[in-house]
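Report on the following structure.
Numbers restart at 1 for each chain; the letters A, B, ... are given by sequence-line order, proteins then strands.
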Protein chains: 2
Amino acid sequence: MAVTDEAIEKIKEMIVSGALRPGDRLPKESELAAELGLSRNSLREAVRALSLIRILDVRQGDGTYVTSLDPQLLLEALGFVVDFHRDDTVLEFLAVRRILEPAATAMASALIDDAELKALEDQLDALGPEPSVEELVACDLEFHRSIVQASGNAVLCSLLDGLSGPTTRARVWRGLTQEDAVGRTLHEHRMILGALRDRDAEAARSWATVHVASVEQWLRTTL
Amino acid sequence: MAVTDEAIEKIKEMIVSGALRPGDRLPKESELAAELGLSRNSLREAVRALSLIRILDVRQGDGTYVTSLDPQLLLEALGFVVDFHRDDTVLEFLAVRRILEPAATAMASALIDDAELKALEDQLDALGPEPSVEELVACDLEFHRSIVQASGNAVLCSLLDGLSGPTTRARVWRGLTQEDAVGRTLHEHRMILGALRDRDAEAARSWATVHVASVEQWLRTTL
DNA sequence: GGGCCGAATACATCGGAGGTATGGGGAGGT
DNA sequence: ACCTCCCCATACCTCCGATGTATTCGGCCC
């Protein structure tokens, strides 16, 4: 195995074993390189790689630190990976989202509090009756994100966040080409909110399913 | 932005835009470095980072190539990230798996063919009546992996693969400490297989839910 | 006491040199 | 004519040393 890959493994091991904790600072480049027995250049490659997936945070003039390792932060890197999957696998991503989104919405219906419900309503109200497609999709993203956050599962939230990215373009496209898509989306949002307010898990799940499935169905007939 | 990060973005853009296709070979280090306007050292950091997440494949003495970019390959990197989440967030990962696994099993019930059913049965038969805990967990992993593959969604398959890793240790632990866990697991596997053979999506979904939930419940009371 | 400036620190970037694994082409044998 | 083995050009691997740049923190001035 290459020295750089060894270094990646060793740094990973230091973190997993607890020798390095979230927020901790690593020894400076030259020291860590000597400690791991490789050159600064090779070590830098390892650090850069771990930095890309948000394990490490390097600050010039300051030092290199272990990130918080929050699920949100780590799965954020998922978005980067997902960017490479365009067009051909969008349907598969959408299918996964269709599984997770209704489940998350149902979970949220039991846990969401009044303040969060109010915030959701404000989000929907902020959008005018005739929003642009870009505004609508942005609102859509934010609306679902807020709901999933209320599900209380950070992993689930980050996962859906990463998965929602690649389907965004498809949704914009739909808004532009399908006549009643905008109005239908707004209506579905209201129904989901209503189900959450009623603490009706089954209704929330069903409306979320309908919501995602409508995009999926349209995409399937279009491609 | 640092030159290395720029290089990462540029290489990503070359791939996403289609200038570089899966399997294509990149210009050699020195040429690409000159083309992107940075030193070889800095370019190497970018390449190493993209190589860690399986976007690029570097072969010494040969060249650097774009990987197949299969969902399976890219989400494999998910396992690396997930390794950093131990103990505290296992329950959240398990909760997500509890959502996905039943759905995938239900999907598989409609698509699985006779050969795949036979392979599943052989897998279960290969395990003796009194397997070791490690054998059982390995078989468990493989059994579910085969089922999810039959669901026909590569993204879903890779995602579950990545998520199953961190819960493996928990399952081993359970097998060691909970008396009837082994026998119950074997029974549940048979029931899932039976439901698949009957093409009974609802039964398959329910048994898969029971299967994952039993681990979840045990873990929740233990932690 | 507060704000400004400069030294120390640590990462960023570079160019070059020597090492090593790979792959292919040519020489030789069958 | 075909196959096998060996040599070497190629391209990545690793390292070194030097210079540039951003941040931090202390002392100094107002």
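- Salt-bridge check for B:D122 with B:K118: passed, with a basic side-chain N closer than 4.0 Å to an acidic carboxylate O.
- Distances were taken from every side-chain heavy atom of A:S39 (C-beta onward) to each of C:dT13, D:dC12, D:dC16; the shortest belongs to D:dC16.
- Side-chain contact between A:D161 and A:R145 is present, with heavy atoms from C-beta onward closer than 4.5 Å.
- Atom P of nucleotide D:dT23 and atom CD of A:Q60 are separated by 7 Å, given to the nearest angstrom.
- Straight-line distance from the CE atom of A:M1 to the C1' atom of C:dT20: 18 Å, rounded to whole Å.
- For the pair B:F80/A:L50, a side-chain contact is recorded, criterion being any heavy-atom separation below 4.5 Å from C-beta on.
- Atom CZ of B:R59 is separated from atom P of C:dG24 by 11 Å (rounded to the nearest Å).
- Within the 4.5 Å cutoff, side-chain heavy atoms of A:L117 are placed close to those of A:L193.
- Checked for salt-bridge contact, A:R97 and A:E216 miss the test: no charged N lies under 4.0 Å from a carboxylate O.
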Quiz item: Stepwise, does the side chain to side chain donor-acceptor pair (under 3.5 Å) test hold for B:S146 with B:Q123?
Solution: CA-CA 10 Å; B:S146 301; B:Q123 268 180 45; 2.9 Å; yes
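- We find that CG of B:L38 is positioned 17 Å from C1' of D:dT19, with the value rounded to whole Å.
- Considering only side-chain N and O atoms, A:T4 lies nowhere under 4.0 angstrom from the phosphate OP1 or OP2 of D:dC13.
- Remark: B:E76 pairs with B:R54 by the side chain to side chain donor-acceptor pair (under 3.5 Å) rule, at least two apart or across chains.
- For DNA chain D, the residues of residues 40-49 of chain B within the heavy-atom distance limit of 4.0 Å (strictly under) are B:R40, B:N41, B:R44, B:R48, sorted by number.
- Dense packing is recorded around CD of B:E9, with more than 12 heavy atoms of other residues, nucleotides or ligands lying under 6.0 Å away.
- A heavy-atom distance below 4.0 Å to DNA chain D is reached by these residues of residues 19-35 of chain B, ordered by number: B:R25, B:K28, B:E29.
- Distance, B:D62 CG to C:dG24 C1': 11 Å, rounded to whole Å.
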